[in-house]
Amino acid sequence: MGLSLFSHEVSDLCLGKPPVKSLSISATVGEALSALRRLGESSLSVWSCDHSEKSNKSESEDCLCVGKVCMVDVICFLGKEENLSCPAKALEAPLEVLIPKGSALVRHLEPNASLVEAIDLILEGAHNIVIPIQSRRITATRKMLLHSHSFNTLHNNREYCWLTQEDILRYLLNSIGRFSPISNSPINSLQAIDTKNILALHYDDPASSALPLISQSLVQQTSVAILDEYSRVIGEISPYTINTCHESVAAAVATLSAGDLMSYIDCGGPPDELVQLVKDRLEEKKYGAFLEFMEEDSTLSSASSFCSTSSDEEFGWGRRSGGGYSARLLRRSEAIVCYPRSSLVAVMVQALSHRVNYVWVVEEDGTLSGIVTFASMFKVFRERLRSMA
């Protein structure tokens with residue numbers, strides 16, 4: 001029964017999915033930021049080809065999705081010391097500076113590939129799997145319309161969607177009975193708890209020390225836990241939350257403590273006193289150029305627009321607003337936790353209901369002991385399949 005489930009094709013999971021919107025790798029960081037704002041997307045695919053009018057490349061040239069970009073990438077880039085000093089120059093940098101070299105976070109599969117092939121790619125580190133959309137016929141008229149839009153969805157004369165880890169785990173959850181008894185087993189008996197790749201800071205640590213951890217958590221699809229003096233989890237700095245914020249939050253990362261940053265990015269927008277504190281500290285650190293950058297954008301003065309509703313088609317982020325299960329509720333800085341004896345299915349439901357790819361594992365006294373990720377869950381399911389073969 002498990003074998004028949006894993007022999008399903010990935011196209012089964014693509015029904016109704018919209019085509020991904022894209023940028024060319026030849027774009028700049030500023031152009032990516034503008035597109036993220038304009039299109040309301042939480043992430044955009046990045047392709048090796050360029051369909052813009054300024055491009056002289058042949059349309060028949062092979063085009064590959066080489067990565068993705070989101071607001072967290074932009075914020076982490078702007079938060080670097082050299083870019084705080086000159087944000088205008090930073091926005092002129094090529095987009096490729098935001099794409100990790102040798103990255104395998106995005107991979108391609110054909111529609112007839114099996115579900116187990118998709119899971120194997122995830123276990124190799126893939127976040128998104130790019131699949132050609134089969135059902136949509138690209139006529140000459142439709143092709144003209146697609147190229148006339150302010151964004152492009154057509155590559156190699158095909159449109160593509162992408163599958164996320166969340167898509168596949170939801171698919172497995174719908175058939176969870178086939179994986180009994182492991183689905184009801186405690187996570188500590190399944191070796192599903194990761195005790196090594198934990199990203200954490202204490203409440204009073206400078207938020208600037210979180211910058212590399214935020215970038216790392218984006219790659220790991222996890223978060224940065226915030227601990228008290230007794231190593232108890234009191235919150236988190238989540239890339240899911242940061243992705244809904246204005247790019248000027250980079251200044252808060254550079255100037256506040258980890259605890260204050262949690263309050264700054266919490267849903268509803270930053271408190272006025274923290275906004276003023278950030279501005280004062282930017283002046284003290286002689287980051288006047290970034291202060292001007294903050295004040296040029298009127299959205300910072302509106303708490304309602306500082307952080308918006310988010311969603312996902314990666315992480316699974318997709319759009320910042322919308323319907324169905326792709327509409328994310330406003331994320332708060334409260335950490336989602338479970339216990340070592342929690343069952344696998346309970347942790348799956350907990351993660352999916354909160355739209356995160358991980359759940360922190362804590363002891364009864366609240367001290368942090370590990371993390372369970374979608375990837376570790378997929379490893380359990382993959383090993384179960386091998387035992388049934």
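Atoms considered below: every heavy atom in the structure, side chains included; atoms not considered: hydrogens, waters and symmetry mates. Since the structure is predicted, the reported quantities are computational estimates derived from the model, not experimental observations.
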Check against side-chain contact (heavy atoms from CB on, under 4.5 Å), Tyr287 and Cys86: CA-CA 8 Å; Tyr287 290 141; Cys86 192; over 6 Å; no
Shortest non-hydrogen contact from Ile75 toward Cys245: CD1-O, 4.2 Å
Ring geometry between Tyr240 and Tyr358 (parallel below 30°, tilted from 30 to 60°, perpendicular above 60°): tilted
Check against side-chain contact (heavy atoms from CB on, under 4.5 Å), Leu344 and Phe179: CA-CA 11 Å; Leu344 177 62; Phe179 296 97; over 6 Å; no
Side-chain touch Gln350/Cys338, heavy atoms, less than 4.5 angstrom: yes
Side chain to side chain, Lys17 and Leu163, heavy atoms closer than 4.5 Å: yes
Heavy-atom pair with the smallest gap, counting every atom of Leu123 and Ala375: CD2-O, 3.5 Å
Closest approach of Ser342 to Val347 (non-hydrogen atoms, all atoms of both residues): CB-CG2, 3.8 Å
Heavy-atom closest pair, residues Cys161 and Pro18: CB-O, 3.6 Å
Distance-only polar pair, side chains of Asp272 and Gln276, donor-acceptor under 3.5 Å: no
Full working for side-chain contact (heavy atoms from CB on, under 4.5 Å) between Lys279 and Glu283: CA-CA 6 Å; Lys279 291 180 178 180; Glu283 288 185 343; 6.0 Å; no
Ring centres under 6.0 angstrom apart (Trp47, Tyr160): yes
Nearest non-hydrogen partners of Val362 and Leu368, listed with the distance: CG1-CA, 4.3 Å
pair Val69-Leu95: side-chain heavy atoms closer than 4.5 Å: yes
Side chain His246, main chain Ser248, donor-acceptor under 3.5 Å: yes
Flag, side chain of Ser209 to backbone of Pro206, donor-acceptor distance under 3.5 Å: yes
Residues Ser263, Leu274; criterion side-chain contact (heavy atoms from CB on, under 4.5 Å); working and verdict: CA-CA 9 Å; Ser263 299; Leu274 281 183; 3.9 Å; yes
Verdict with reasoning, Arg341 to Glu363, per salt bridge (Lys or Arg N to Asp or Glu O under 4.0 Å): CA-CA 10 Å; Arg341 295 290 301 172; Glu363 301 298 337; over 6 Å; no
Ionic contact status for Arg170 with Glu166, cut-off 4.0 Å: yes
Asp194 side chain reached by Lys196 side chain, heavy atoms, under 4.5 Å: yes
Main-chain N/O of Pro186 paired to Ser343 side chain as donor or acceptor, under 3.5 Å: no
Sidechain-backbone polar pair: Ser217 side chain, Ile214 backbone, donor-acceptor under 3.5 Å: yes
Expected output: side-chain Asp228 to main-chain Arg232 donor-acceptor under 3.5 Å: yes
Within-4.5 Å side-chain heavy-atom neighbours: Asn128 and Gln165: no
Side chains of Val253 and Leu261 in contact at under 4.5 Å (non-hydrogen atoms): yes
Heavy-atom pair with the smallest gap, counting every atom of Pro94 and Val29: O-CG2, 3.9 Å
Distance flag, aromatic centroids of Phe381 and Phe378, threshold under 6.0 Å: no
salt_bridge(Arg107, Glu124) N-O dist < 4.0 Å: yes
Check ion pair Asp120-Arg382 (N to O, under 4.0 angstrom): yes
Donor on one side chain, acceptor on other, Thr28 and Glu92, under 3.5 Å: no
Straight-line distance of Ser42 OG to Asn243 CG, nearest 0.5 Å: 5.0 Å
Interatomic spacing from CG in Leu282 to CG in Leu84 - rounded to 0.5 Å: 7.0 Å
Euclidean distance, Ser257 OG relative to Asp260 CG, rounded to 0.5 Å: 3.5 Å
Side-chain donor or acceptor of Ser376 paired with backbone N/O of Val372 under 3.5 Å: no
Rounded distance [0.5 Å steps], OG1 in Thr244 versus CD1 in Ile265: 8.0 Å
Side-chain touch Ile176/Met348, heavy atoms, less than 4.5 angstrom: yes
Spacing of Lys68 atom NZ and Ser45 atom OG [to the nearest 0.5 Å]: 11.0 Å
Asn184 (side chain) donor-acceptor with Pro181 (main chain) under 3.5 angstrom: no
Side-chain donor or acceptor of Thr255 paired with backbone N/O of Ala251 under 3.5 Å: yes
Heavy-atom check, side chain of Val361 versus side chain of Pro340, under 4.5 Å: yes
All pairs passing ring pair (Phe, Tyr, Trp, His ring centres under 6.0 Å) where residues 195-218 contributes a residue, at least two apart: none
Donor-acceptor pair, side chain of His127 and main chain of Gln221, under 3.5 angstrom: no
Interatomic distance, Ser85 atom OG to Phe290 atom CZ [nearest 0.5 angstrom]: 10.5 Å
Exam field: side chain Ser180 to backbone Gly177, donor-acceptor pair closer than 3.5 Å: no
